[in-house]
Amino acid sequence: MRSQEPFYFSKRECIAFVAIAILMVTSLQNFFYQTPQPTLDSLRYIDYALNIHDHQVFGLSGVNRDKVPAPGNANSPLYPALIAFAIVLDSKLSSSLKCVIIDTAAANCPDHYSLIVGLQNVLVIVTLFCLWLTTIMLFRRSSIAWLAAGLALASTKPISLANYLLTEVLILCLFSMLMLAIVGAWKSGQHHWYLGIGVIMGCLILTRPEYIYLAYTFVAFGIGMSFVLGWKRASIANVIFLLALCVIIGPWLMRNHHHFDRLSITEGYSDVVISYRSA
């Protein structure tokens, strides 16, 4: 049931939470965690990122770093784009990543991962803040929100994942933002929350393609709510969500249609994943 009571939160408490989250995440990262050399799936994302940076092409080259790769669509592009952005900011990161791609043993590769790990720690802080704010909006009790964020941090998973060049840390951040947007839409009914849901859902899909099925579920739920609340009341929210989603994923779909004649997020990788999981 939607709450009609206006929602207020303390700006001072927000600032205090962010400051404490930064202190805790930074301290835990520096004293208890070390970034391992990238392996397995990380190498695939690194390959994409290097080619985005070096050749402005989303594709895989392997050890042939000077060769311009053919365009690919086996994975979603957002996380490799994040790594490519980190490479722009730190040229030392590029040398480390090229080394681990060429030499998979990576015994003598330089260890210049501080910038990308720092960016991923920022994602962890955003995750904790979204969880904290979502809990306050749900329960209107500060103590429960602090406890929820503390338990999430105590699980060790967020900071641990920030040390790996994998999509999980970005998914955690985006999903926490999605929870916040859903709760905000439920509590207030204001249209900007539906815009946020569509944008975040699009980013989730561009990080891991399986989230397209969650988008389908949201569309089906929106149609169902139209019968309950009335088409005029629910259709605006549905249209805003769909437009925002299409704006985010539309360019990637058109790119794949141009190169592969298919309007799909990814293609050709699902059978490999299924074989891995089955084994």
Side-chain angles (χ1 to χ4, degrees), residues 1-25 28 121-162 168-205 207-208 210-211 213-230 233-238 240-242 244-245 248:
M1 187 174 179
R2 181 177 298 167
S3 173
Q4 300 299 323
E5 181 183 350
F7 171 70
Y8 302 101
F9 58 90
S10 169
K11 292 183 180 179
R12 289 185 178 180
E13 190 176 8
C14 284
I15 294 171
F17 179 87
V18 172
I20 292 173
I22 292 172
L23 178 63
M24 291 295 295
V25 170
L28 291 171
N121 280 321
V122 172
L123 295 178
V124 171
I125 293 167
V126 173
T127 300
L128 295 173
F129 180 71
C130 289
L131 175 61
W132 177 81
L133 192 55
T134 301
T135 311
I136 286 184
M137 292 177 69
L138 279 172
F139 299 101
R140 298 182 182 273
R141 290 187 61 181
S142 178
S143 58
I144 298 177
W146 283 86
L147 178 61
L151 289 173
L153 189 60
S155 72
T156 72
K157 295 301 181 184
I159 302 181
S160 176
L161 291 173
E168 278 75 5
V169 67
L170 183 55
I171 288 293
L172 278 180
C173 181
L174 291 172
F175 202 84
S176 68
M177 294 170 67
L178 181 64
M179 290 193 301
L180 176 61
I182 291 172
V183 171
W186 172 53
K187 287 286 187 179
S188 70
Q190 295 178 358
H191 292 155
H192 66 267
W193 289 111
Y194 299 104
L195 176 65
I197 292 172
V199 170
I200 297 165
M201 183 64 70
C203 291
L204 280 167
I205 293 168
T207 306
R208 295 287 291 269
E210 58 265 32
Y211 280 93
Y213 299 110
L214 183 59
Y216 294 154
T217 303
F218 275 37
V219 171
F221 179 79
I223 294 173
M225 291 304 296
S226 298
F227 289 101
V228 176
L229 301 176
R233 184 176 176 184
S235 59
I236 296 177
N238 293 337
I240 292 173
F241 167 76
L242 284 172
L245 178 65
I248 298 300

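This chain uses plain numbering: 1 for the first residue, then up along the sequence. On a predicted model such as this, the values are computed, not experimentally measured, just so you know.
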So how far is it from Leu178 CG to Thr134 OG1, rounded to the nearest 0.5 Å? 9.5 Å
CG on Leu195 to CG on Leu245, rounded to 0.5 Å: 11.5 Å
Check whether any side-chain heavy atom of Met201 sits under 4.5 Å from a side-chain heavy atom of Phe241, and report yes or no. yes
Contact check, side chains of Cys203 and Leu174, non-hydrogen atoms, under 4.5 Å: yes
Please report the closest heavy-atom contact between Trp132 and Cys14, naming both atoms and the distance. CZ3-SG, 3.5 Å
At their closest point, which heavy atom of Arg140 faces which heavy atom of Met137, and how far apart are they? CG-O, 4.3 Å
His191 vs Tyr194 aromatic rings, parallel, tilted or perpendicular, using cut-offs 30° and 60°? tilted
Residues, nucleotides or ligands: over 12 heavy atoms within 6.0 Å of Met179 CE: yes
Spatial distance of atom CG (Asn121) from atom CG (Leu28) [nearest 0.5 Å]: 9.5 Å
Contact check, side chains of Phe175 and Thr207, non-hydrogen atoms, under 4.5 Å: no
CD1/Ile125 to CG/Leu23 distance, rounded to the nearest 0.5 angstrom? 10.0 Å
Which atom pairs, one a donor and one an acceptor, fall under 3.5 Å between side chains of residues 145-156 and the rest of the protein, sequence neighbours left out?
unit_1 : atom_1 : unit_2 : atom_2 : d
Trp146 : NE1    : Glu13  : OE2    : 2.8
Trp146 : NE1    : Ser142 : OG     : 3.2
Ser155 : OG     : Ala152 : O      : 2.6
Ser155 : OG     : Lys157 : N      : 3.4

Looking at Leu172 and Pro158, what are the two nearest heavy atoms and their distance? CD1-CA, 4.2 Å
In the structure I gave you, are the side-chain heavy atoms of Phe218 and Ile182 within less than 4.5 Å of one another anywhere? yes
With a 4.5 Å limit on heavy-atom distance, are the side chains of Asn238 and Val219 in contact? no
Contact check, side chains of Val183 and Leu133, non-hydrogen atoms, under 4.5 Å: no
Go through the steps for Leu180 and Phe129 under the test side chain to side chain contact (heavy atoms under 4.5 Å, CB included), then give the verdict. CA-CA 10 Å; Leu180 176 61; Phe129 180 71; 5.9 Å; no
Minimal heavy-atom distance between Cys173 and Thr127, with the atoms involved, is CA-OG1, 3.0 Å
Where Ala181 and Ile197 come nearest, the two heavy atoms and their spacing: CB-CG1, 3.6 Å
Give me each pair satisfying salt bridge (charged side-chain N to carboxylate O under 4.0 Å, His left out) with a member in residues 168-182, each pair once, sequence neighbours excluded. Glu168-Arg208
